[in-house]
Amino acid sequence: MTKDAVSEVKVLLIEDDEDDYILTLDYLQCIPNFKFNLVWQSQYHQALDALEGNTFDLCLLDYQLGAQTGLSVLEEARKRQVHTPIIMLTGQSDEVLDNEALRAGAEDFVLKSEISSPRFIRSIRYALARKELERERLERLRVESDSRAKDRFLAHLSHELRTPLTSILGYTNLLLSREELQNIKPELSIINNNSEHLLNLLNDVLDLSKLKENKLELNKQNTCLNSFLSDLYSLFRMAAAKKGLSFTIVATTPLPQNVEVDKTRLKQVLINIIYNAIKFTSSGFVTVEVTFMQHHRLQFNVVDTGIGIPEEKIKRIFKPFEQVQNVTTRTNEGAGLGLAISSALIKLMGGALNVESTLGEGSKFCFDIALNVDETLELAPLSLNKMHNDSDCSLPTDLQGHILIVEDIGEIQMLLRTLIGQVGATADIANDGVEALALLERDAAKYDLVLMDLHMPRMDGRDTIVAVRERDINLPIVALTAAAQKGTKEELVALGFDDMMSKPINVSDLGRCLKEYLSGEQRNSSNEIKEPSNALTFLVVEDDSDTRNLLTLLLNSLQINVVSADCAHSCWQEFSSHGEGFFDAILLDIGLPDKSGLTLAKEIKARSPRQYIVIASGYDPEPEKLAEAKIDDVMLKPITLNDLKEIQEKFQ
C-alpha cells in the first residue's frame, strides 16, 4: 500500500459498554491509511446475526458481553461458518484466556489498554492481511471449480457428438464402397463431406480448449515426408483447379525421406492455412514451399495471390473466433478458429506462425518446426508421385481371428462388426461391461482381441478392465473413447488397456489395430505395474471398493505406495499406527459412511496441521467449507491419471 493510499474497512464492534465503543471509534479514526466504517452491536443474538452474513472485513469482540462471554460468540460463530477475522478485546491480561480465545478461532487477543498502541495497529493489519489471503484462496478455488466444470462439459459434449458421428461417417463410408450404389454416390459424398465438416468444427472447439489448458500432446511417429506432401497435394489440387488456380508444392532444398513428427497435427495446420489461401484467392496461384533448414528444422511457406489482409488487422486473425473473411469481405463462413489453433499447434511443435500480406496482392504464411531426425539422414528431391501412402484407408483382407466388441450403441456395434468382417475376422457383441466380463470369465481363450468402449451403462470400460485384469485375463484389450485428451492413453494403459482408439472410428486406424493384434506381431504390453518405490506414500480413504482399487492401480503406476482405508474409523487406525508424517498425502472421499470427509479432514488437521489432504468428490464442494477444513486440494470424480500426476508433481 502506498503512503497516500486509503483502505476502507468495514468493522463490527461487539461491545456492551458505550464508553468503550466511543473510545474505540475515536482511536480507529486516527489510524492513518485506513477509513474504518464501524457498526456497533451490544446484544449477543444481534451480533451473531450480523457476523453470520460475512459482510465485515474485521470484528472487534469484547470478552464480557452481558451474560455471555466472547468465547461463546467465537464458538457459535464457528458453528455458523463465519469467516470474518475476529480480534478479542479484554480489560485485563490472562494467558489462559488468551490461549482459549485463539483455540476458539480468534485471530489475536488484545488488552483494551493497548488500543492506542502500535500493537493494536499491527494486530489489525495482520488480521486484514490474512482475510485478503483467505479471499484470494476462495477465489482461486472458485476459478478451479469453474475450469473443472468446463472440462466436464467438453468431455460430455465430445462423447455425445462423436457417438452419432461414428455411425454417420462409418456407414456412409461403407455405402460409398459398394459398387451397386454408384447412382447415389454424389448424395452420399455430400453427407460424408458435411459430417466430416461437423467433426472438424467439433475438433476445433475441443482442440482450442485443450491447448488453453495445456492438455493437448503431440503424437510423433515416423512419417514418409514425400508421401505426406503427396497426400496434401492430392487433397487440394482439385479444389484449386475448380477455381482456375494453380496449386503447387515445391521443395527449395532436398528433403529428408523420413521424419518424426505428429503428422496429424502438421496436416491440420497446413490444411487450415492452404484452405484459407484457396478460399481467398480468385485468380493466380497458391504455392507451398518446403525447405530443410539448419539445426534440423523444416520450414513451410504458403504463398497466394489472393485479396490480402490489411496490415492493421493481421494480429486479429490469430485470435479465436476472429474470421479472416470478416476483415476483408462481408461473408460469414467458418467458426474463426483455424488460424488460432494452427498458431498454437505450431508453437507446440517448436515454431511460430508469421504472416506477410499486402492488401489486393496476396499473403505469405510462414512457419518452421523442429524435427527429430537421424544424424545420418538421407536427403532427396521432392517427388509428388506416391511411392508409399501413409494414409492408406483400405482395410487388410487376409486376417483371421475372433474379436469381442464391448459397446452399448447398436449402430456402432453393427459398424464394427461389418468392418471386422471385411478383414476376414469374426466378432461377438457385449452390450456393457457386465456382459463382457461374463463372456470372458466363461471362455477368454475364445477371443484374440477385445474392443471396449469406455462409456457404458451398468459397468463402464474403466471398471471392466480392472475387473478383467484382476481375474488374470491377459488377452489384448483396446479402449474406444470419444473424449481423448492429454494423458488419457497413459491412464488407460496404467489401468490395463493395451491401446486406445478415438471415436469416430477411423478406418485406417482400425485396420492398423486389427493387423497388429491379429497378425501375431503384437507389441510387448506396456501395462505391467511396476513395483512402487518409497518416494511417496498416499493414504486412500474411499468406501467404494472399485474406486479404491482403481486409485490404487493408478497411483502404483506412478510409483506411489498406497495404504487404503474404507471409512473414517479405519483411516484413523492407519493414520495412528503409522504415525504423524508417514503419509505424504491423504486422499479423502467426501462421502464416507461413518463421517463426512470434510469433518475427518478438520480432525486430522487439528492433530497434524501440516498433513497434505486432498478431497475427492463427485460434485464441487463449497469453497467456504473447503477453507474451513483447510483442504489443500480438490479432485472431482472420475479421477484421472493426469489428476494424480498433478498431485504427485507438488511433492517434487
message: Can a donor-acceptor pair be found, under 3.5 Å and without considering hydrogens, that links the side chain of Asp594 to the backbone of Ala568?
response: yes
task: Might you work through the side-chain contact (heavy atoms from CB on, under 4.5 Å) test for Leu60 and Phe120, ending with a clear yes or no?
output: CA-CA 11 Å; Leu60 301 176; Phe120 185 50; 4.0 Å; yes
- request: Please check if the side chain of Asn272 supplies one atom and the backbone of Gln268 the other of a donor-acceptor pair under 3.5 Å.
  value: yes
message: For the backbone of Glu15 and the side chain of Trp40, can you confirm whether one donor and one acceptor N or O come within less than 3.5 Å of each other?
response: yes
statement: For Val39 and Lys10, the nearest pair of non-hydrogen atoms, with its separation, is CG2-CE, 4.5 Å
task: Could you tell me whether a side-chain N or O of Thr599 sits under 3.5 Å from a main-chain N or O of Lys595, the two making a donor and an acceptor?
output: no
query: Where do Val563 and Glu574 come nearest, in terms of heavy atoms and distance?
result: CG1-OE1, 3.5 Å
- prompt: Please walk me through it: do Glu491 and Arg462 pass side-chain contact (heavy atoms from CB on, under 4.5 Å)?
  reply: CA-CA 10 Å; Glu491 175 194 339; Arg462 286 181 172 84; 3.0 Å; yes
- request: Any chance you could measure Lys79, atom NZ, to Leu48, atom CG, to the nearest 0.5 Å?
  value: 10.5 Å
query: Checking side-chain contact (heavy atoms from CB on, under 4.5 Å) for the pair Leu128/Val9: CA distance, chi angles, key distance, verdict?
result: CA-CA 9 Å; Leu128 293 175; Val9 181; 3.9 Å; yes
Working for side-chain contact (heavy atoms from CB on, under 4.5 Å), residues Leu51 and Cys59: CA-CA 8 Å; Leu51 266 178; Cys59 174; 4.0 Å; yes
task: Taking atom NZ of Lys112 as the centre, report whether more than 12 heavy atoms of other residues, nucleotides or ligands fall under 6.0 Å from it.
output: yes
pair Arg607-Trp572: side-chain heavy atoms closer than 4.5 Å: yes
- request: Would you indicate whether Lys650, at its atom NZ, is surrounded by more than 12 heavy atoms from other residues, nucleotides or ligands within a distance under 6.0 Å?
  value: yes
query: Got Asp57 and Val11 here, is their nearest side-chain heavy-atom distance under 4.5 Å?
result: no
- prompt: Just wondering, are more than 12 heavy atoms of other shown residues or ligands nearer than 6.0 Å to NE2 in His569?
  reply: no
- prompt: Are Phe651 and Tyr612 near enough that their ring centres are under 6.0 Å apart?
  reply: yes
message: Please check: side-chain N/O of Gln43 versus main-chain N/O of His45, any donor-acceptor pairing under 3.5 Å?
response: no
query: Within the distance-only criterion (no hydrogens, no angle test), does the side chain of Thr552 pair as donor or acceptor with the backbone N or O of Arg548 below 3.5 angstrom?
result: yes
Ser576 side chain to Gln573 backbone, donor-acceptor under 3.5 Å: no
task: Would you confirm whether Asp632, through its side chain, and Ile613, through its main-chain N or O, come within 3.5 Å as a donor-acceptor pair?
output: yes
- request: State, without any angle test, whether Ser42 and Asp16 hold a side-chain donor-acceptor pair at a distance under 3.5 Å.
  value: no
query: Does OH belonging to Tyr126 count more than 12 external heavy atoms closer than 6.0 Å?
result: no
statement: For Leu588 and Cys571, the nearest pair of non-hydrogen atoms, with its separation, is CD2-SG, 4.4 Å
Short N-O contact, Glu628 and Lys602, less than 4.0 angstrom: yes
query: Could you walk me through whether Glu76 and Arg80 pass the salt bridge (Lys or Arg N to Asp or Glu O under 4.0 Å) check?
result: CA-CA 6 Å; Glu76 185 63 28; Arg80 300 191 187 190; 3.2 Å; yes
